[in-house]
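What follows is a single structure, written as structure tokens, with notes after it.
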Amino acid sequence: MTKYPAVIELGYMGISVKDPDAWKDFASTILGMQVLNEEDADRFYLRMDNWHHRIVVHHSGQDDLEYLGWRVAGKPEFELLGQKLQDAGYNIRVCDKAEADERMVLGLMKMEDPGGNPTEIFWGPRVDLNNPFHPGRPLHGKFLTGDQGLGHCIVRQTDVAAAQKFYSLLGFRGDVEYRIPLPNGMTAELLFMHCNARDHSIAFGAMPAAKRINHLMVEYTHMEDLGRTHQLFRDNKLDIALQLGIHANDKALTFYGATPSGWLIEPGWRGAPSLDNAEYYVGDIFGHGVEKGGYGLDVKLS
Ligand code: MBD
Ligand code: FE
């Protein structure tokens, strides 16, 4: 039976990096991801579970997000969603087999979101049960992925209403969840949108940003692994932009640290399920104090 055509998870992402070796080391020994080198000279892959990969790391040298890959259930939903996007006037390109093969999916279309972030919709990811996930450093648990996708991203938008309309059409729900008072008397508004049980898979505000991506949140099943990741940031003197804290919306214990590309990773644990009934907050439960400014999140969250 064909389901309502909607995105069901953040399936994969592509990033470009200037220092591939630094990224291999960071992703495996600090975060615990599995590095997968294949014959491609221009990219490598990061695994978080039994999918062939969750992150494609391109050597093309921009130190930014290259694309987000949103999964739909199957071909019927893919075709219906493509039609829906076209009917609404969005410019989409359904890809041929070669491009789908490059992403290791059965079907693929490409477009840009209203903020200009390259956006891909796919069905049928390659899942390598013949090569079970092997973490890059010992983990007590694993990355929490499954039907919640690989994590969440905060991305740049210039027209927040247009972005909300676009992601709503893809099947997301969500609205303003934070109104944070700023020292200058203004208020920063952040929107959070979900497409599954993860509190949010995409979030954005209206603030200017140097890069497409502000941060990627990845979640561990075990607090022990989050704690170790935090310690490894400290031991290796890596920048921590925001200290440990608990968000009011997803209730997750997280911190924000710098990746080798200068955007942030938000390792976390114990995210609460998404809510369909809107509410908003003026701050976090505790923590998330700014430790190192300049990473695009210099707000007083608590
Ligand atoms: C988040 O994941 C986040 O990154 C911010 C800034 C606020 C609430 C939840
Ligand atoms: Fe976040």
Side-chain angles (χ1 to χ4, degrees), residues 9-10 13 15 31 48 54-55 65 68 115 117 143-145 148-157 160 163-164 167 172-182 186-220 226 229-230 233 239-259 261-275 278-302:
E9 66 169 298
L10 176 56
M13 66 191 292
I15 60 175
L31 299 178
M48 299 172 62
R54 288 290 190 164
I55 302 178
L65 177 70
L68 291 176
N117 302 298
F143 287 102
L144 196 153
T145 56
Q148 294 193 30
L150 75 91
H152 76 239
C153 285
I154 289 205
V155 297
R156 179 172 59 199
Q157 300 292 345
V160 165
Q164 186 180 24
Y167 286 101
F172 290 73
R173 261 185 94 89
D175 216 299
V176 174
E177 290 186 1
Y178 276 74
R179 283 188 165 165
I180 306 156
L182 299 175
M186 310 245 303
T187 303
E189 278 197 348
L190 286 172
L191 281 81
F192 296 79
M193 301 193 77
H194 60 270
C195 58
N196 56 40
R198 190 178 292 285
D199 180 80
H200 52 286
S201 292
I202 190 109
F204 43 82
M207 34 319 173
K211 294 180 188 290
R212 289 170 176 158
I213 185 171
N214 172 269
H215 71 263
L216 164 68
M217 189 268 197
V218 295
E219 185 171 345
Y220 297 104
L226 173 65
T229 298
H230 184 263
F233 264 80
D239 276 2
I240 289 183
L242 302 189
Q243 295 161 340
L244 282 165
I246 294 190
H247 287 307
N249 59 353
D250 65 11
K251 318 287 188 289
L253 177 67
T254 71
F255 72 96
Y256 297 70
T259 69
S261 287
W263 50 266
L264 299 173
I265 186 99
E266 183 188 7
W269 167 73
R270 206 208 53 171
S274 51
L275 302 173
E279 53 187 50
Y280 80 96
Y281 316 100
V282 294
D284 270 349
I285 294 174
F286 83 92
H288 287 140
V290 176
E291 177 166 315
K292 187 92 171 63
Y295 286 102
L297 272 182
D298 300 341
V299 287
K300 194 166 164 22
L301 280 168
S302 71

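Numbering of ligands and ligand atoms starts at 1, following listing order. All residue numbers in this chain count up from 1 along the given sequence.
- In this structure, Gln148 contributes its side chain and Asp199 its backbone to no donor-acceptor pair below 3.5 Å.
- Applying the 4.0 Å criterion to heavy atoms of His215 picks out, from ligand 1, the atoms 4 (O).
- The Fe ion (ligand 2) has an N, O or S atom of Glu266 closer than 2.8 Å.
- Within the 3.5 Å criterion, the main-chain N or O of Arg198 finds no donor-acceptor partner in the side chain of Asp250.
- Near Asn249, the atoms of ligand 1 lying under 4.0 angstrom from a non-hydrogen atom of the residue are 8 (C), 9 (C).
- Residue His247: no N/O/S atom is found under 2.8 Å from the Fe ion (ligand 2).
- The proximity of Tyr256 to ligand 1, defined as any non-hydrogen pair under 4.0 Å, is limited to the side chain.
- A donor-acceptor pair under 3.5 Å is absent between the side-chain atoms of Arg54 and the main chain of Met48, judged by distance alone.
- Here His200 does not reach the Fe ion (ligand 2): none of its N/O/S atoms is less than 2.8 Å from the metal.
- Closest to atom 8 (C) of ligand 1 by heavy atom, among Met217, His247, His152, is His247.
- With a 4.0 Å cut-off on non-hydrogen atoms, His200 touches ligand 1 through its side chain and not its backbone.
- Short contacts between ligand 1 and Tyr178, defined as distances under 4.0 Å to a heavy atom of the residue, involve ligand atoms 7 (C), 8 (C).
- With ring centers used as reference points, Phe172 lies 6.0 Å or more from His200.
- With ring centers used as reference points, Tyr178 lies 6.0 Å or more from Tyr280.
- Around the NZ atom of Lys292, the shell of radius 6.0 Å holds no more than 12 heavy atoms that belong to other residues, nucleotides or ligands.
- When every heavy atom of Trp263 is checked against every heavy atom of Leu216, the shortest pair comes out as CZ3-CB, 3.9 Å.
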